[in-house]
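Structure first, then comments.
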Amino acid sequence: MADTSVDLNQRIWQVVASIPPGEVSTYGDVARFAGLPGAARRVGYALRQLPPGSKVPWHRVINSQGRISLPAGSAGEYTQRERLEAEGVRVCGGKVALGRFRWQP
DNA sequence: TATATGACGGACG
DNA sequence: GCGTCCGCCATAT
């Protein structure tokens, strides 16, 4: 376990942190930009390991459907929704207002 | 080494 | 638009 996982998580978090405020991105795009094309699931794993209080704006990461992947009604889903709206992102019924940020169009 | 899991993605009906 | 199935990667056990 060790450096590989740590380095990988750090890289993913760094990519997530590069998302500008008010914009959102998808797991697939983050994975691709982190050098792991197709490893969208790995991104979710990394975010799950993300400790509370970290400065990583994980709430800006959503799935390709433009929806919050966390279970509706859960604390994480609520936090993410609140933070997104706090940045000016409109969330309707768990659906994030499109216009997501892209590194490589 | 093999099996199961997950904050996913895309294809299909 | 919605629910289901298969495929993807890396970890955990």
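Model, not experiment: these values are computed from the prediction. Below, each value reflects all heavy atoms present in this structure, side chains not excepted, and no hydrogens, waters or symmetry copies. Quick note on labels: first sequence line is chain A, next is B, and so on, each numbered from 1.
Under a hydrophobic-cluster definition in which Ile, Leu, Val, Met, Phe, Trp and Tyr are linked whenever side-chain heavy atoms come within less than 4.5 Å, directly or via other members, A:Tyr45 and A:Ile62 are assigned to different clusters. Both A:Trp13 and A:Val61 are members of a single hydrophobic cluster when ILVMFWY side chains are connected at heavy-atom separations under 4.5 Å.
The backbone N or O of A:Arg60 lies less than 3.5 Å from no partner atom in the side chain of A:Arg83, so there is not a single donor-acceptor pair.
Figure legend: A:Arg81 and A:Tyr78 shown without cation-pi pairing, the cationic atom not lying both under 6.0 angstrom from the six-membered ring centre and within 45 degrees of its axis.
With rounding to whole Å, A:Asn9 atom CG is found 13 Å from C:dC9 atom C1'. A straight line from CZ of A:Arg32 to P of C:dC9 spans 15 Å, rounded to a whole angstrom. With rounding to whole Å, A:Phe33 atom CZ is found 19 Å from C:dC9 atom C1'. Rounded to whole Å, atom C1' of C:dT11 lies 12 Å from atom CD1 of A:Ile12.
In a base pair of the Watson-Crick type (N1 to N3 plus N6-O4 or O6-N4) or a G-U wobble (N1-O2 and O6-N3), with each distance short of 3.5 Å, B:dA2 is matched with C:dT13.
Taking a 6.0 Å sphere around CD of A:Gln14, one finds it holds 12 or fewer heavy atoms contributed by other residues, nucleotides or ligands.
Within the nucleic acid shown, A:Tyr45 comes within 4.0 Å of sugar-phosphate atoms alone, with no base atom in reach, counting heavy atoms only.
In terms of position on DNA chain C, the residue among A:Gln49 and A:Ala40 whose nearest nucleotide sits closer to the 5' end is A:Ala40.
Bracketed by its first and final contacts, the part of DNA chain B lying under 4.0 Å from non-hydrogen atoms of chain A reaches from B:dG6 to B:dG10 in 5' to 3' order.
Smallest separation of non-hydrogen atoms from A:Ser25 and A:Trp103: OG-CZ3, 3.1 Å.
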